[in-house]
Amino acid sequence: MSENKFYTFIPFFIFIGIFLGAGILLGDFYKIPSPIAIFVGIVSAFLIFYKTPMNDKVISLIQGCGDSKIITMCIIYLLAGAFAVITKAIGGVDTMVNIGLSLVPIDYLAIGIFIIACFLSLSIGTSVGTVVALGPIVVGLAEKSGTSMGLLCGALLGGAMFGDNLSIISDTTITATQTIGCEMKDKFRANFKLALPAALLTILILFFSKSASADVALELGDTSNFWVVLPYILIIVLALVGVQVFVALFISILMAGIIGLVQSNFDILGLANLTYEGFLSMNEIFLLSMLTGGLARMVEDQGGIQWLLTKMKKFMKSPKSAEYGIAGLVSAIAVCLANNTVSILVAGNLAKDITTEYNLDKPRVASILDIFACIVQGILPYGAQILILLSFTNGKIDYLDLMQYSYYFFALLIITLIYMVFGRKNTQTQLKEV
């Protein structure tokens with residue numbers, strides 16, 4: 001019988017305990033920076049693994065932090081941050097929202113808000129950013145039009161998570177593809193097959209959920225400057241045609257920068273500073289990814305990952321049950337951490353080993369990781385997206401009011417489970433010997 005290696009995961013439990021405990025006690029899961037929580041976990045690993053020579057532990061940490069997939073992920077984060085900041089500076093977010101709302105009939109506000117949130121989150125790659133940008137507008141529209149605030153806010157929440165799960169510049173997509181080791185375009189296509197039907201089903205439900213609205217005129221901002229929306233459209237098109245993510249991001253950043261220069265939103269120096277501001281905006285996830293990679297390597301070198309994989313194999317009798325195991329693993333971690341990106345990071349190494357062991361389709365596994373992490377994040381009462389959105393309503397609706405209209409999450413869960421049960425490929429992605 002193999003030696004019990006459960007103790008090797010104690011540093012991760014310490015990290016989870018600090019992250020979750022501080023969030024509950026302080027009422028804000030982002031009060032303590034996550035890199036500090038993982039740093040405490042790393043310090044505890046140095047103490048717990050006392051039998052291992054200090055030099056070996058340091059080497060494990062550094063090798064994990066400097067892993068090529070971790071560094072690739074971090075560089076993509078930097079570029080994604082620059083894209084988000086520059087496109088916002090040229091007025092892309094405001095213009096996109098105004099154009100969307102100008103095209104939406106007042107009777108179908110819920111559908112319009114859902115579609116706008118889908119496109120916005122797909123373009124900027126963040127559900128929190130989408131909720132922050134659209135939340136006050138949605139609450140105001142509900143009050144002015146007489147439409148159910150819960151219905152509109154539920155539509156916004158679902159649309160925001162649609163893009164968070166799917167966007168090629170979303171940190172969850174970047175993390176899932178890099179940890180599993182698949183191409184972003186392949187994961188996008190696999191994920192799109194699930195997210196699109198869920199979105200269409202949500203639109204259908206919202207169509208029959210429309211409520212009577214007052215005869216009001218919406219006050220919108222400028223919708224004439226369509227040029228500032230082009231970088232968002234470009235990055236989606238480049239993703240669909242399979243352009244390498246570094247190239248896609250660079251071209252899209254370049255286009256946004258040129259538009260800003262032509263419109264005199266900023267000069268060359270201003271563009272440089274905005275780019276750097278974008279880099280800094282990814283500082284937390286950059287450090288968290290790097291340090292999590294280091295801690296994961298320390299646990300792996302202690303035999304913890306292999307031990308847990310051996311234990312999980314007792315419940316995994318087939319590739320299908322292995323996929324269920326991955327879905328359950330990332331969901332459980334997401335409940336504990338209330339952060340979909342961190343959940344994928346923590347589950348990533350083990351999920352990759354399971355993928356290799358059972359010769360699973362990598363884009364499919366990356367999609368499952370991302371989808372279940374995002375579903376859990378979207379329905380957690382203490383998740384950032386829900387807490388922020390409810391704060392905009394000033395107590396006019398509560399968590400249950402929001403959840404009863406959050407159709408997208410339940411549609412995505414049902415479609416994904418059906419896909420996992422009945423949609424298994426006969427031919428698996430073959431492992432390549434290097």
#### Entry: Ser167 backbone acceptor or donor facing Ser170 side chain under 3.5 Å
no
### Task
Could you verify whether a donor N or O on one side chain and an acceptor N or O on the other, from Tyr77 and Ser281, lie under 3.5 Å apart?
no
### Query
So which heavy atom on Ala334 is nearest to which on Leu380, and how close?
O-CD1, 3.5 Å
### Query
With a 4.5 Å limit on heavy-atom distance, are the side chains of Ile326 and Phe372 in contact?
no
### Query
Is there a donor-acceptor pair closer than 3.5 Å between any side-chain N or O of Tyr399 and the backbone N or O of Ile386?
no
### Task
Give a yes or no on whether a salt bridge exists between Lys187 and Asp370, defined as a side-chain N under 4.0 angstrom from a carboxylate O.
yes
### Message
What's the separation between atom CD1 in Ile174 and atom CD1 in Ile168, rounded to the nearest 0.5 Å?
### Response
8.5 Å
### Query
Between the main-chain N or O of Phe409 and the side-chain N or O of Ser406, is there a donor-acceptor pair closer than 3.5 Å?
no
### Summary
Rounded to the nearest 0.5 angstrom, the CE-CG distance for Met255 and Leu234 is 5.0 Å
### Task
Decide yes or no for Gln178 and Ile76: does some side-chain heavy atom of the first lie under 4.5 Å from some side-chain heavy atom of the second?
yes
### Query
How about Tyr419 and Arg364: do any of their side-chain heavy atoms sit closer than 4.5 Å?
yes
### Query
So Tyr408 and Phe162, would you call those rings parallel, tilted or perpendicular, with 30° and 60° as cut-offs?
perpendicular
### Message
Please determine whether side chain to side chain contact (heavy atoms under 4.5 Å, CB included) holds for the pair Phe246 and Ile75, giving the CA-CA distance in whole Å, both sets of side-chain angles, and the decisive distance to 0.1 Å.
### Response
CA-CA 9 Å; Phe246 286 108; Ile75 294 175; 3.3 Å; yes
### Task
Can you label the angle between the Tyr232 ring and the Phe83 ring as parallel, tilted or perpendicular, going by 30° and 60°?
perpendicular
### Message
Would you compute the distance between atom CD1 of Ile371 and atom CE of Met161 and round it to the nearest 0.5 angstrom?
### Response
11.5 Å
### Message
What verdict does the salt bridge (Lys or Arg N to Asp or Glu O under 4.0 Å) test give for Glu183 and Lys362, after you've listed the backbone C-alpha separation in whole Å, the side-chain angles of each residue and the deciding distance to 0.1 Å?
### Response
CA-CA 9 Å; Glu183 292 292 329; Lys362 290 182 179 180; over 6 Å; no
### Task
Give a yes or no on whether the backbone of Gly92 and the side-chain of Thr95 come within a donor-acceptor separation of less than 3.5 Å.
no
### Message
With a sphere of 6.0 Å drawn around NZ of Lys88, does it hold more than 12 non-hydrogen atoms of other residues, nucleotides or ligands?
### Response
no
### Query
So, do Ile418 and Ile414 sit near enough that their side-chain heavy atoms are less than 4.5 Å apart?
yes
### Message
Please determine whether side chain to side chain contact (heavy atoms under 4.5 Å, CB included) holds for the pair Tyr407 and Leu201, giving the CA-CA distance in whole Å, both sets of side-chain angles, and the decisive distance to 0.1 Å.
### Response
CA-CA 9 Å; Tyr407 304 124; Leu201 179 57; over 6 Å; no
### Message
Please find the pair of heavy atoms, one from Phe188 and one from Leu166, that lie closest to each other, and give the distance.
### Response
CD1-O, 3.4 Å
### Task
Evaluate the side-chain proximity of Leu295 to Leu61: yes if any heavy-atom separation is below 4.5 Å, no if none is.
no
### Message
I need the minimum non-hydrogen distance between Phe49 and Pro11, along with the two atoms involved.
### Response
CZ-CG, 4.2 Å
### Task
Just do the side chain to side chain contact (heavy atoms under 4.5 Å, CB included) check on Phe114 and Tyr108 with the steps written out, would you?
CA-CA 10 Å; Phe114 177 73; Tyr108 298 98; over 6 Å; no
### Query
So, the side chain of Ser60 versus the backbone of Arg297: is there a donor-acceptor pair under 3.5 Å, distance only?
no
### Query
Shortest non-hydrogen contact from Lys396 to Met149?
CD-CE, 3.6 Å
### Task
I would like to know whether Leu79 and Phe250 meet side chain to side chain contact (heavy atoms under 4.5 Å, CB included); could you show each step before the answer?
CA-CA 7 Å; Leu79 292 174; Phe250 179 77; 5.7 Å; no
#### Entry: Heavy-atom check, side chain of Leu134 versus side chain of Ile116, under 4.5 Å
yes
#### Entry: Taking every non-hydrogen atom, the tightest pair across Tyr358 and Ala322
CD1-CB, 3.8 Å
#### Entry: Reported CG-to-SG distance for the pair Leu413 and Cys374, which is rounded to 0.5 angstrom
13.0 Å
### Query
Heavy-atom distance under 4.5 Å between the side chains of Phe207 and Ile203, does that happen here?
no
### Query
Measuring from Leu288:CG to Met290:CE, what's the distance to the nearest 0.5 Å?
10.5 Å
### Message
Are the side chains of Cys153 and Val138 in contact, using a 4.5 Å heavy-atom criterion?
### Response
yes
### Query
Does anything in residues 115-137 pair up under side-chain hydrogen bond (donor to acceptor under 3.5 Å, both in side chains), and if so which pairs, sequence neighbours excluded?
Ser127-Asp164, Ser127-Gln385
### Crowding at OH, Tyr276 (>12 non-hydrogen neighbours, <6.0 Å)
no
### Query
For Asn340 and Thr172, what are the C-alpha separation, side-chain angles and deciding distance, and is it a side chain to side chain donor-acceptor pair (under 3.5 Å)?
CA-CA 7 Å; Asn340 44 351; Thr172 58; 4.9 Å; no
### Query
Is the count of non-hydrogen atoms from other residues, nucleotides or ligands lying under 6.0 Å from Phe39 atom CZ greater than 12?
no
### Query
Are Phe13 and Phe6 close enough that their ring centers fall under 6.0 Å?
yes
### Task
Give me the one residue out of Leu204, Leu206, Ile205 that meets side-chain contact (heavy atoms from CB on, under 4.5 Å) with Phe208.
Leu204
### Task
Please name the pair of heavy atoms, one in Ser252 and one in Ile235, separated by the smallest distance, quoted to 0.1 Å.
OG-CB, 3.4 Å
### Message
Any side-chain to backbone donor/acceptor pair from Asp67 onto Gly64? Under 3.5 Å, distance only.
### Response
no
## Note on the structure
So CZ of Phe279 and CZ of Phe286: to nearest 0.5 Å the spacing works out to 10.5 Å
### Check: Val421 main-chain N/O paired with Lys320 side-chain donor or acceptor under 3.5 Å
yes
